[in-house]
Structures are given as C-alpha cells and as structure tokens.
*Asks:* 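For reference, the structure I am asking about is given below.
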There are 2 protein chains.
Amino acid sequence: MITINDIAEMAGVSRTTVSRVINSTGYVSEKARKRVMDVIEETGYVPSQHAKSLRTKETKIIGVILPKISTDTSSRTVNGMNSVFEGIGYQILLTTTDLERQKEIEHLRLLQNRQVDGIILIATNVDQALMDEIKTSKVPVVVVGQEMSGVPSVIFDDHAAARRMTELLIEKGRRSIGYIGVDEADRSVGVQRKAGYLEAMAQHGIEVEDAWLETGDFSIESGYEAASRMLEASSRKVDAVFAATDRMGLGAWRYIRRHGYDIPGDIAIVGIGASETSRFIEPALTTIEYEYEQAGSVAARTMMQLLQGEKGVSEKKVLDFKLVERDSI
Amino acid sequence: MITINDIAEMAGVSRTTVSRVINSTGYVSEKARKRVMDVIEETGYVPSQHAKSLRTKETKIIGVILPKISTDTSSRTVNGMNSVFEGIGYQILLTTTDLERQKEIEHLRLLQNRQVDGIILIATNVDQALMDEIKTSKVPVVVVGQEMSGVPSVIFDDHAAARRMTELLIEKGRRSIGYIGVDEADRSVGVQRKAGYLEAMAQHGIEVEDAWLETGDFSIESGYEAASRMLEASSRKVDAVFAATDRMGLGAWRYIRRHGYDIPGDIAIVGIGASETSRFIEPALTTIEYEYEQAGSVAARTMMQLLQGEKGVSEKKVLDFKLVERDSI
DNA sequence: CACAAATGTGGAATCGATTCCCTAATTCAG
DNA sequence: CTGAATTAGGGAATCGATTCCACATTTGTG
C-alpha cells in the first residue's frame, strides 16, 4: 500500500508538505504543490482514513439505526438523509433492529465504538433506558419519529394528523369509527395518533366502544386480524376503520373486501403513511402523507449543525402532513 | 477519551497485556486477566477501531452500492445481507447511485478509500469501465444482479424466467404479447429478460411486431407511457403486456385500466419482481418471484468466503425463481 | 538599507492500538 | 537436581496520517 511517505519521497519533499497539499492548509509553494499533485495523480494515492481519523477524531460517517429496512418509511427517510450527506462527503453506516427494542441500545453502543461522527436513530419508543443511553452518548444523536425531551428530534404532528383524519370521517357522516393502533411504547404512533382519534371523537360527542379499539404490530397481517376481531365483536357495527399505519390499513382493507363489505359503501377505511400500494388498490386508500424524505434531510441537516458545534439547534422540528383523500371514504 | 494505556495503568500491567486480554491471544495469568477485565468493566472502555484498523488493516465494514434505496428490490437485498453480517460483527456502509451509472465507479473508489473490507455492488450494467474498476479493486467485490465474468456474482435466471412467463401467456391463448423492457446496458433486465421473451415467441412461431417492443426506465410512469405508446400504435392489437419489472407493469396496468380495457378479459398483464403492490391491486398482477433476501444473504456469504481467503469460490451463483400466477392473466 | 512580516519547509511528537522479541518465573521429565 | 519447555508479561517498533514548533528564505515598508 502506498502511503504519504512514499509520496513525499517521490516528490522530494517532506510528508508535512504532502499533508499540506492534500488538505490545502499552511504555506506551500506553487512548485512544490504541483510536484506533489503530479505524484499523487500518477500513483493514484489516497490517504488512509484510519490514520487520519486516529488523529483528527473525525470519520465523516453517520450511523443510522432503522427499525426495519424493507419499508417505505425507512427507505424514504434514508433517501432524504442521503441526499444531504452525499453532497458533503459523509457516508451512512446502516444498522437495523428488526423491531427488537433492546437492539436500539445495543446498536447505539456499537456505533459509538465504530466512532461514527453522529447517530441518527429512527426511534420506535422512548424507554427510559434508551433515553439514558442517548444522553450519555459521546457523539451527537438525532432522533426521528419520536419526541424526546432534551434530544434534537424530527417528528410529525401525529396528533393533529389523526384528529384531522377522524374529523374527515365524521364530516363524511361516519359515526362508528373503529381504530387499529399499535403498542403504546411507541409514543408517536401508539399514543399520539390514538389520542388524536379519541379527541376528535370526544369533540363530536361520539362514544367510543371498547370493541372499536384494536391493536396490531405494524404488519399487514395484524391489520387483517384486528379488522376481523373488530367486525365480529362490536355490537354497534363500525362504518369506518382508521388504521394507524397504511400497512395495517391494507390488511384491514383486505379483510373487509373479502368479507363482502363494500368500500366505502358499507365501511370506509383510512390509514396513515401514503404508501405506494395505497395508491394502487381500488378503491384507493385515503391516507395521510408524511414527507419522509424531508424528515430524513431535516435530520441530516440538524446533525450537521450539531457537528459544527452550532448551539441553539432547535430541539424539536415538527413536520407537516397532507391529507390525501381518495376513494375509500 | 479513555485508552488502552489508561486501562494498563489502572490495572497495573502493560498495555501489551491489556491487548492480550481483549483479543484473547498469548499468555495471560488468570489474576491479570481478571484485574484487566474488572477495570474495563468499570470504565466502560472500548478500543478505538481506528487505531486497531490502522495496524490490522481490517475494518469489519462492508460497503454496499445500491442503484436506489427506495425499492423493494434494494431493501430486501440489503435485508438479506444484513441477516448474515449482523451475526458476525460486520456492518454495512451504504451508498446509492440514484441510477447514475458513472457513480458506480465513483463509489467503488470512495469505498476503497474508506478501507472497507469488501464491496457488494448491486449492479445495473456491465460497462467495461466498471469491470476494469472492479478487477483492479484492492478489496474483494461481489456483484449482485449482473453476470460479470471473472467476478463472483449472484444472479437470477432472468432468461429462463422471462421465457417461462411468456410461455405461460401463450398457454393461456395469448398471441399478441407486447413487451416493456429497459435499456440494454443492463444485461440482466435489459437483455436477458427480453431474450427470454423473444425466444419463447419464436419457438411458438409468433412474429413480434416492432410496435410491441417498448422501453421504460424502471419507473411506474415510464410503464404507463410505454403502454400508451404500445396500445395506440400497434396494428395487431396486443392481447397481453409483459413488463420487465413490476413497477413498470404497475404503470401499464394503470394505463390499461384507465382506458377502459378489461384485465384480463381484453388484455393480460404480467411483470417480474413480486412487489408488495402487485399482490394488492385487483386484478392482482401475475409476476415472477425472486428471492432478493436470498440474493443478499448469498452475496454476503460469498463475501465472507472471499475474505477468509477461501479459494475456488464459485464465480457465479444462479438463484431460482417462482412463477406467481394471479388474476391479471 | 535594515528589520519586521510573510512565506515556505522539515523534524519530530502524537493519536491508540497490535505484535515481535526478549527476559523471568514456573513446571516438568529424566 | 538440572536443563529444557512452558507460561507470563513487558519494551519498543509500527501502522499512516496531522500538527506544533523551529528555522530559512523572501518580501515589504519606512
């Protein structure tokens, strides 16, 4: 392997000078610069990142922790981050937790040992242990998807989105609206969205039956099963189903269709996420569009501010949503 | 930051001994080991990867180059790789080319400078320049998706899959089968699939009209437009459309539906890829299922063999496909 | 013209590990 | 009991950069 010493020797200068040429720092005469450049060109030399990082304590690598890789949400968010990092020479070290919660902490540690410059965590919960780990982190952490006090986070206004969606259903004349949520360890998806739904219902004086409240685990199958339980159990038949995520909505949609109900004639169905599939099914799913790409790029930019030591980086960035009304309603 | 020297001092041994404890090499007495372990435990010390890599020339990081991140294909492939790497302490450094071909070479270089241990490239072409770059790479490269002589590659049998799919259409009584392909720089998707289609057509003595052959760019929109051109132009109206990818198939599906044709009554439509959306549309898209997760894990395992210096690593691994017959046919 | 400032370059310490080579203390076989 | 093995542990070189400091040369200014 060719090193800075080789270059120095070939160019007839010291390695100090070579270093200066590479990093364009300090004083270097035009002649020396040219000679060094030529040799570098010729040999195709590239400096060792390790040696460099060892001294500078910088890696230009950002660790990203995802709950799952194969979902619209994740890939679009990563896409957004990538668009920012790419231009400025940073790269992404990816890890996934497969929705196992304790792995978030594990990976947080792992990435620090890899000495990444910063960590972006797409969080699914706000456990105390997780927050502690984040707060004692040696490198800056930006959280996406969950609000975490004291930690810069990028979030969507889940509460308002769910309320707005519920109101839309009510405006359309639906009264018996079932809700398929997720575990409440997930503050954003589990708690906020449900709260928005409940608030809208309460505001319109609609009493929510226990049988209308179901829980899934983000998967299509769990949506299917939740819908099945809901439709079989409730005494006041639901005339609308609000799924906290499009994937679960898709499952519910499937169940409803398969069991001979008309959408939206008998039952309306809505989700959140604006997944690709939601556009293509017929009737197309009414949903909330979140700009995941934007979430990614905002998180990336926040990270850069943190790295550049800017203070007063706002702790919380709330992104907007868009209601996408389609045929399922 | 706490270093090996601190640990050595606190444990009252030399850093050599600490290193031995960490890496379980050489001779260390039980007593010394215990003392060192205790101190490490206490301090939460973790060795610097940079210093380590600087000496050992190993990073335990595999670079992955994707054409695009937000697609089923990519994310499932990465998922498969991840499942292998995760267990053995390797991590994935991700880059994407956004389908720009010259970026593949650029990133190949970039990753080498990052001194990753190996590179897995999800390739979309087999340009000479790309192959040259791969062959002169300092670190092992595994290619997924394209056959590249002299380079370990993991591929699907695109030719056989397309032929089989075409035959299925012919068995179903279709004769005028249009084909939406992609640029032929992509040997697998552009050339092999088309060849499979053409071969099946020829074998059954069906003459292919020029107007039946269209080209898209992998996007849904391009499928829509290709279908539009095809259906407006051809003199012998097509009674089936074979799209080289599900996404383009989805676009075609859309066009066909919107223009009042019945699927599969008037026109059958099929794709390749078994995307999630393809299952949910009605009529559901008939497609070919590729095991992308498997492709990822096979690529990862091949990489490990390469890294462990096993020779005789087979140059080409061809994965199977599965015909998924659904309602669109 | 003299002296300060600006410019150019190299020597050597440093970052935090690994590892080769040596020495010292035990253990063991004959 | 003695001379090899075996076990234990330290000293110091090394990996490939960056960077502080010192010194030499050139330029500028009153």
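In what follows, chains are A, B, ... by sequence order, proteins preceding strands, each numbered from 1.
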*Asks:* What is the distance, to the nearest angstrom, from the NZ atom on A/Lys57 to the P atom on D/dA17?
*Replies:*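 Value for this atom pair: 16 Å.
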*Asks:* Counting C-beta onward and ignoring hydrogens, is there a side-chain heavy-atom pair between A/Leu110 and B/Gln91 closer than 4.5 Å?
*Replies:*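 Contact flag for A/Leu110/B/Gln91 side chains = yes.
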*Asks:* Taking atom C1' of D/dT26 as reference, at what distance in whole Å does atom NZ of A/Lys31 sit?
*Replies:* 12 Å
*Asks:* If you check the A/Pro47 side chain, which of C/dA17, C/dT18, D/dA17 turns out closest?
*Replies:* D/dA17
*Asks:* Does B/Asp98 use its side chain to pair, donor to acceptor, with the backbone of B/Glu100 at less than 3.5 Å?
*Replies:*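 No, because the side chain of B/Asp98 does not come within donor-acceptor range (under 3.5 Å) of the backbone of B/Glu100.
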*Asks:* Any pair with a residue in residues 56-85 of chain B that passes side chain to side chain donor-acceptor pair (under 3.5 Å), sequence neighbours left out, goes on the list, sorted by first then second residue, please.
*Replies:* A/Ser70-B/Asn79, A/Asn79-B/Ser70, A/Thr96-B/Asn82, B/Thr59-B/Asp117, B/Thr71-B/Ser74, B/Arg76-B/Glu293
*Asks:* Considering residues at least two apart in sequence or located in another chain, which fulfil the ring pair (Phe, Tyr, Trp, His ring centres under 6.0 Å) criterion with A/Phe156?
*Replies:* A/Tyr290, A/Tyr292
*Asks:* Could you check how far CE of A/Met1 sits from C1' of D/dG16, rounded to whole Å?
*Replies:*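 My rounded result for the distance is 9 Å.
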*Asks:* Figure out the CG/C1' separation between A/Asn5 and D/dC15, and round it to whole Å.
*Replies:* 10 Å
*Asks:* State whether the number of non-hydrogen atoms from other residues, nucleotides or ligands found under 6.0 Å of B/Glu41 atom CD is greater than 12.
*Replies:* no
*Asks:* Name every residue in residues 34-46 of chain A that has at least one heavy atom under 4.0 Å from any atom of DNA chain D, in order of residue number, or write none if there are no such residues.
*Replies:*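 Those residues are A/Tyr45.
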*Asks:* Between A/Lys138 (NZ) and C/dG16 (C1'), how many Å, whole number?
*Replies:* 13 Å
*Asks:* Could you tell me whether the side chain of B/Val84 reaches within less than 4.5 Å of the side chain of B/Tyr90, counting heavy atoms only?
*Replies:*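 Not in contact.
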*Asks:* Using heavy-atom distances to pick each residue's nearest nucleotide on DNA chain C, tell me which of B/Thr56 and A/Ala51 is more 5'.
*Replies:* A/Ala51
*Asks:* Considering only D/dT18, C/dA17, D/dC15, which nucleotide approaches the side chain of B/Ser48 most closely?
*Replies:* C/dA17
*Asks:* Near B/Lys34 NZ, under 6.0 Å, is it more than 12 heavy atoms from other residues, nucleotides or ligands?
*Replies:*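 Result for NZ/B/Lys34: open.
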*Asks:* Mind checking A/Thr3 for me? I need base, sugar-phosphate or nothing, with any heavy atom below 4.0 Å counting as a touch.
*Replies:* sugar-phosphate
*Asks:* Can you give the donor-acceptor pairs under 3.5 Å from side chains of residues 8-17 of chain A to other protein atoms, not counting sequence neighbours?
*Replies:*
| from | atom 1 | to | atom 2 | distance (Å) |
| --- | --- | --- | --- | --- |
| A/Ser14 | OG | A/Thr16 | N | 3.2 |
| A/Ser14 | OG | A/Thr17 | N | 3.4 |
| A/Arg15 | NH1 | A/Asn5 | OD1 | 2.7 |

*Asks:* Rounded to the nearest Å, what distance is computed from the NE2 atom of residue A/His50 to the C1' atom of nucleotide D/dT14?
*Replies:*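 Checked: the NE2 to C1' distance equals 16 Å.
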*Asks:* Once each nucleotide of nucleotides 3-13 of chain D is scored for protein heavy atoms under 4.0 Å, what B/S/- sequence comes out, 5' to 3'?
*Replies:* ----BBBBBBB
*Asks:* Taking CG from A/Asn23 and C1' from D/dT18, how many angstroms apart are they, rounded to a whole number?
*Replies:* 8 Å
*Asks:* Name every donor-acceptor pair, under 3.5 Å, that has one atom in a side chain of residues 137-149 of chain A and the other anywhere in the protein, sequence neighbours excluded.
*Replies:*
| from | atom 1 | to | atom 2 | distance (Å) |
| --- | --- | --- | --- | --- |
| A/Ser137 | OG | A/Val139 | N | 3.1 |
| A/Ser137 | OG | A/Val139 | O | 2.7 |
| A/Gln146 | OE1 | A/Arg187 | N | 3.1 |
| A/Gln146 | OE1 | A/Ser188 | N | 3.2 |
| A/Gln146 | NE2 | A/Asp186 | OD1 | 2.5 |
| A/Glu147 | OE2 | A/Lys316 | NZ | 3.1 |

*Asks:* Could you tell me how far apart A/Ile2 (CD1) and D/dC15 (P) are, to the nearest whole angstrom?
*Replies:* 15 Å
